[in-house]
Each structure stands twice: as C-alpha cells, then as structure tokens.
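Encoded as structure tokens, the structure appears first; notes follow it.
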Amino acid sequence: MELPEYIEGIPTEKRRVKERFQLIRDYYEKLWKDLQRTKGINAIHNEFLDADVYIVKNESDKKTSHEAVHNWKSTYAVKHLETIITHAMPYEGLPMFSSVKDGLQKKNGYKNMIILYYTFSNESIDYLNFTAKLTIGVTVGEKHIQYSVNKVEIK
C-alpha cells in the first residue's frame, strides 16, 4: 500500500519537518486549552499507573516537538496523545523505569523516568500499525509529567 502525501493532515514526506513542527506546537496548544476547559487541570489519567500525567507548557512539548518532527508517525502519535497517555503500558521484556539523564531531564527536576508504550493497530491500513513510546518524568513530589512521545521500533 502506497503512503499518501497526508495522513490526518500530517505531511508524510521526510523533508516537511517545519510543517510537522508547527502541527505539533498547534496540537499542544489546543490540548492545553481543551484539558483546562473540560477538566480544570492539564492532565490525562493513565490507567496502568493509576496516575494523572500532566501536560506542562514549554516542558512537555519541548522534547517532543524537536524529536517527533522527523517522522510522520511520531507526529501522528502526538495527535493521538490523549489516547496514548490513557492506555500506554510497559512493554514486556523492557524496563519500565530509567535513570534521569543530564540535560533537560535533570533541569526539569525529574527523579526518574517511566517508559510506557502504545501500539497503534489498523487491520486495513498497514502503515498505521506501529508503536509509540511515551516517556514520563517523575518529580520529587511524585508528579508525573509527559516528557516525550515518539514512534519507536521494538527489537
């Protein structure tokens, strides 16, 4: 099956990074407003962790917007962030926790990172079958913050 030029408004051509960057920024802006209006907090509940995962302006979108622009599937994952956060869970055989790395993770005050996965499944469209990785930073105060989301290959 041939890949179309656009999937849900997302350009699939590799070189269209700037367009995907703007789509990601716009999506986060809309998500913040929608969550605030409907829930009164900028958080989405993860069923597996039984915890609210906060979407923090200029933090949650920062890493994602710079990484997810390089692959249309990662941008697609951002567009479905609420579903991913709600249903993501550990991948069997892979560690769920990871140490905080120097740089942005340390700067944001995370004490550890949680790695969860969500698999997109579509019986009729093969290119919509892939796995997204959700990284959540956990602060000293036990607040869960969405750090990044992107398409990954599971080995």
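What you see is a predicted model; the values in this text were computed from it and never measured.
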Exercise for the section: State the CG-CD1 distance between Leu134 and Ile114, to the nearest 0.5 angstrom. Expected result: 9.0 Å
Practice task
Specify the closest pair of heavy atoms between Lys111 and Val140, including all atoms of both residues, with the distance to one decimal.
Solution key: CD-CA, 4.0 Å
Handout entry: Backbone of Lys151 reached by a side-chain donor or acceptor of Ser74 within 3.5 Å
Key = yes
Practice task
Just jot down the side chain to side chain donor-acceptor pair (under 3.5 Å) partners of Lys39, sequence neighbours excluded, or say none.
Solution key: none
Handout entry: Reported CD-to-OG distance for the pair Glu123 and Ser121, which is rounded to 0.5 angstrom
Key = 6.5 Å
Handout entry: Cationic N near anionic O, under 4.0 Å, Glu29 to Arg25
Key = no
Exercise for the section: Might you work through the side chain to side chain contact (heavy atoms under 4.5 Å, CB included) test for Ile115 and Met96, ending with a clear yes or no? Expected result: CA-CA 5 Å; Ile115 312 296; Met96 184 171 103; 5.9 Å; no
Exercise for the section: Begin from the C-alpha positions of Lys62 and Leu104 and carry the test side chain to side chain contact (heavy atoms under 4.5 Å, CB included) through to its verdict. Expected result: CA-CA 9 Å; Lys62 193 168 194 165; Leu104 197 54; 4.3 Å; yes
Practice task
Say whether, by atom type as modelled, one donor and one acceptor occur between the side chain of Thr75 and the main chain of Arg20 under 3.5 angstrom.
Solution key: no
Problem - Geometric class of the His87/Tyr118 ring pair [parallel <30°, tilted 30-60°, perpendicular >60°] - result: tilted
Handout entry: Contacts of type side chain to side chain donor-acceptor pair (under 3.5 Å), residue Glu8, not counting sequence neighbours
Key = Tyr76, His80
Practice task
With side chain to side chain donor-acceptor pair (under 3.5 Å) as the test, would you mind laying out the steps for Tyr28 and Gln146 before giving the verdict?
Solution key: CA-CA 12 Å; Tyr28 270 101; Gln146 184 259 322; 2.9 Å; yes
Exercise for the section: Side-chain contact test, heavy atoms from C-beta onward, threshold under 4.5 Å: evaluate it for Ile7 versus Trp72 and give yes or no. Expected result: yes
Practice task
For Asn122 and Leu128, indicate whether the former's side chain and the latter's backbone hold a donor-acceptor pair under 3.5 Å.
Solution key: no
Problem - For Leu23 against Pro11, the heavy-atom pair lying closest together - result: CD1-CD, 3.7 Å
Exercise for the section: Indicate, with yes or no, if Val53 and Ile145 share a hydrophobic cluster defined by side-chain heavy-atom contacts under 4.5 Å among Ile, Leu, Val, Met, Phe, Trp and Tyr. Expected result: no
Practice task
For the pair Asp61 (side chain) and Glu59 (backbone), establish whether a donor and an acceptor sit closer than 3.5 Å, ignoring hydrogens and angles.
Solution key: yes
Practice task
Might you point out which heavy atoms bring Ala68 and Ile24 nearest each other, and give the distance in Å?
Solution key: CB-CD1, 3.6 Å
Handout entry: Backbone N/O of Lys57 and side chain of Ser60: donor-acceptor pair under 3.5 Å
Key = no
Exercise for the section: For the pair Asp34 and Lys30, evaluate salt bridge (Lys or Arg N to Asp or Glu O under 4.0 Å) and give the outcome as yes or no after the intermediate values. Expected result: CA-CA 6 Å; Asp34 289 349; Lys30 181 183 179 317; 2.6 Å; yes
Handout entry: Salt-bridge contact Arg16-Glu19 (side-chain N to carboxylate O under 4.0 Å)
Key = yes
Practice task
Please list, chain by chain and in numerical order, all residues satisfying side chain to side chain donor-acceptor pair (under 3.5 Å) with Asn58, sequence neighbours excluded.
Solution key: none
Handout entry: Side-chain H-bond candidate by donor/acceptor type, Asp50 with His45, under 3.5 Å
Key = yes
Problem - Heavy-atom side-chain contact between Ile44 and Leu35 under 4.5 Å - result: yes
Problem - Inter-residue atom distance Met89.CE - Glu92.CD, 0.5 Å rounding - result: 11.5 Å
Handout entry: Same apolar cluster (I L V M F W Y, side chains within < 4.5 Å links), Ile136/Val100
Key = no
Exercise for the section: Check step by step if side chain to side chain donor-acceptor pair (under 3.5 Å) holds for Ser148 and Thr64. Expected result: CA-CA 5 Å; Ser148 72; Thr64 300; 5.0 Å; no
Problem - Intermediate values then yes/no, side chain to side chain contact (heavy atoms under 4.5 Å, CB included), Val138 and Met113 - result: CA-CA 6 Å; Val138 182; Met113 306 302 285; over 6 Å; no
Problem - Greater than 12 external heavy atoms within 6.0 Å of Lys79's NZ - result: yes
Problem - Tyr6 vs Glu13 side-chain heavy atoms within contact, under 4.5 Å - result: no
Handout entry: Side-chain donor or acceptor of Asn108 paired with backbone N/O of Tyr110 under 3.5 Å
Key = no
Exercise for the section: Measure the acute angle between the ring planes of His66 and Phe21, then classify it against the limits of 30° and 60° as parallel, tilted or perpendicular. Expected result: tilted
Exercise for the section: Keeping the roles fixed (side chain from Asn46, backbone from Ile85), state whether a donor-acceptor pair exists under 3.5 Å. Expected result: yes
Exercise for the section: Spell out, yes or no, whether Val149 and Val17 are grouped together once hydrophobic residues are joined by side-chain heavy atoms under 4.5 Å, including indirect joins. Expected result: yes
Handout entry: Backbone N/O of Ile55 and side chain of Trp32: donor-acceptor pair under 3.5 Å
Key = yes
